[in-house]
Amino acid sequence: MISVERLSKRYGGHTAVNDVSFTCAPGTVTGFLGPNGAGKSTTMRMICGFTPPTAGTATVHGVDYRRLPNPGREVGLLLDAGAMHPGRTGRETLRLSAQVMGVPQRRVDECLDQVGLNAVAAKRRVRAYSLGMRQRLGLAQALLGSPRVLILDEPANGLDPEGIFWMRGLLRDFADRGGTVLLSSHLLREVEAVADRLVVIGAGRVVAQGSKDELLAGA
Ligand code: ADP
Ligand code: ADP
């Protein structure tokens with residue numbers, strides 16, 4: 001469960017996020033939709049405590065993300081797949097994360113399998129990865145701790161159509177097992193097939209939210 005209440009963020013005179021409220025319930029995929037610069041990343045970063053809000057609150061399972069007993073295992077994050085260390089192999093990247101998170105090393109191969117990064121790919125350095133491969137690795141990293149919540153910022157960026165189709169199945173399955181997913185995109189077609197609910201943001205404000213069927217019927 002993710003709850004965002006009247007969240008705002010100002011940078012100097014610029015309001016990046018303006019009075020945003022929504023909730024994401026277990027068993028659902030929420031598509032967070034809006035053009036580049038709308039405030040999606042800033043909102044997601046505030047939910048995870050990486051960016052302090054100017055006003056408002058965000059909680060995961062009813063508490064501040066940073067107060068979760070074990071945030072890394074409770075919430076799987078994919079915030080910037082482009083920012084992974086270029087000099088490590090995919091497998092080393094996950095091994096290190098598993099170590100930091102206190103997750104058994106066997107999860108590394110399980111998660112690599114789950115995202116379809118084979119042994120050959122896992123031995124290559126991240127600098128040689130396409131953006132789509134980085135997204136797969138980022139998703140594997142997010143899944144390492146067997147979290148109940150996934151927060152994914154533009155995970156479909158750089159994925160090919162087959163990759164988007166595959167990820168859709170993975171996220172649907174995750175939610176159908178009771179997980180909570182918040183998934184951002186600037187493209188409706190990337191979220192419409194998998195999302196149950198949509199939160200549409202423009203220039204920092206929520207312009208529409210509701211069930212996908214409800215919203216798309218009116219579109
Ligand atoms: P989105 O993820 O929807 O593309 P962002 O949350 O990245 O949007 O950005 C929202 C707005 O906030 C943009 O105008 C962006 O330029 C601004 N912004 C984001 N981060 C910063 C920052 N660290 N300093 C100043 N402005 C920022
Ligand atoms: P297991 O859970 O399989 O027992 P270990 O943590 O004992 O895994 O490590 C198994 C192998 O992986 C060892 O050879 C170790 O050097 C290597 N290893 C462990 N942690 C890391 C890491 N963060 N990065 C790269 N290699 C690692």
Side-chain angles (χ1 to χ4, degrees), residues 2-24 28-60 64-66 71 75-85 129-139 141-142 147 149-160 163-164 167-168 171 174-175 180-212 215-216 219:
I2 301 170
S3 181
V4 170
E5 231 178 281
R6 309 207 63 176
L7 213 50
S8 294
K9 181 66 186 181
R10 276 191 299 278
Y11 289 110
H14 176 68
T15 303
V17 173
N18 196 346
D19 205 20
V20 164
S21 301
F22 61 85
T23 57
C24 307
T28 65
V29 177
T30 301
F32 194 21
L33 196 62
N36 290 322
K40 304 181 298 295
S41 298
T42 304
T43 301
M44 290 172 132
R45 294 179 62 83
M46 287 193 284
I47 295 170
C48 311
F50 295 145
T51 296
T54 309
T57 55
T59 59
V60 179
D64 193 303
Y65 174 83
R66 298 201 165 219
V75 184
L77 296 179
L78 173 48
L79 294 182
D80 187 358
M84 277 185 278
H85 194 295
Y129 278 29
S130 65
L131 181 55
M133 285 170 77
R134 287 177 202 224
Q135 296 286 17
R136 285 179 188 260
L137 184 61
L139 192 55
Q141 194 171 44
V149 177
L150 285 176
I151 297 180
L152 312 173
D153 193 5
E154 297 271 3
N157 242 357
L159 280 181
D160 53 24
I164 290 176
M167 190 169 63
R168 192 181 291 166
L171 297 182
F174 183 88
T180 306
V181 183
L182 177 62
L183 163 74
S184 78
S185 178
H186 60 289
L187 296 171
L188 175 61
R189 66 176 156 78
E190 284 176 359
V191 299
E192 68 174 333
V194 67
D196 305 291
R197 288 180 58 80
L198 296 176
V199 176
V200 186
I201 185 171
R205 281 186 180 279
V206 173
V207 295
Q209 66 175 307
S211 79
K212 177 184 65 183
L215 285 187
L216 295 187

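Atoms within each ligand, like the ligands themselves, are counted from 1 in listed order.
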Acceptor/donor pairs from residues 195-204 side chains to any protein atom, 3.5 angstrom cut, sequence neighbours excluded:
{"from": "Asp196", "atom 1": "OD1", "to": "Arg172", "atom 2": "NH1", "distance (Å)": "3.1"}
{"from": "Asp196", "atom 1": "OD2", "to": "Val29", "atom 2": "N", "distance (Å)": "2.6"}
{"from": "Asp196", "atom 1": "OD2", "to": "Arg172", "atom 2": "NH1", "distance (Å)": "3.2"}
{"from": "Asp196", "atom 1": "OD2", "to": "Arg172", "atom 2": "NH2", "distance (Å)": "3.4"}

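To the nearest 0.5 Å, the span separating CG on Leu79 from CD1 on Ile151 amounts to 7.5 Å. Taken from CD1 in Ile47 to SG in Cys24, the straight-line distance is 6.5 Å, to the nearest 0.5 Å.
For Phe22, the ring pair (Phe, Tyr, Trp, His ring centres under 6.0 Å) partners two or more places apart in sequence, or in a different chain, are Phe32. Residues that satisfy the side chain to side chain donor-acceptor pair (under 3.5 Å) test with Ser184, not counting sequence neighbours, are Asp153.
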Between ligand 1 and the protein, which N/O pairs fall short of 3.5 Å?
{"from": "ligand 1", "atom 1": "2 (O)", "to": "Ser41", "atom 2": "N", "distance (Å)": "2.8"}
{"from": "ligand 1", "atom 1": "2 (O)", "to": "Ser41", "atom 2": "OG", "distance (Å)": "2.8"}
{"from": "ligand 1", "atom 1": "3 (O)", "to": "Ala38", "atom 2": "N", "distance (Å)": "3.1"}
{"from": "ligand 1", "atom 1": "3 (O)", "to": "Gly39", "atom 2": "N", "distance (Å)": "3.0"}
{"from": "ligand 1", "atom 1": "3 (O)", "to": "Lys40", "atom 2": "N", "distance (Å)": "2.9"}
{"from": "ligand 1", "atom 1": "3 (O)", "to": "Lys40", "atom 2": "NZ", "distance (Å)": "2.8"}
{"from": "ligand 1", "atom 1": "4 (O)", "to": "Gly37", "atom 2": "N", "distance (Å)": "2.6"}
{"from": "ligand 1", "atom 1": "6 (O)", "to": "Ser41", "atom 2": "N", "distance (Å)": "3.4"}
{"from": "ligand 1", "atom 1": "6 (O)", "to": "Thr42", "atom 2": "N", "distance (Å)": "2.9"}
{"from": "ligand 1", "atom 1": "6 (O)", "to": "Thr42", "atom 2": "OG1", "distance (Å)": "2.6"}
{"from": "ligand 1", "atom 1": "8 (O)", "to": "Gly39", "atom 2": "N", "distance (Å)": "3.1"}
{"from": "ligand 1", "atom 1": "14 (O)", "to": "His14", "atom 2": "NE2", "distance (Å)": "3.0"}

Stepwise side-chain contact (heavy atoms from CB on, under 4.5 Å) test for Gln141 and Leu78: CA-CA 8 Å; Gln141 194 171 44; Leu78 173 48; over 6 Å; no
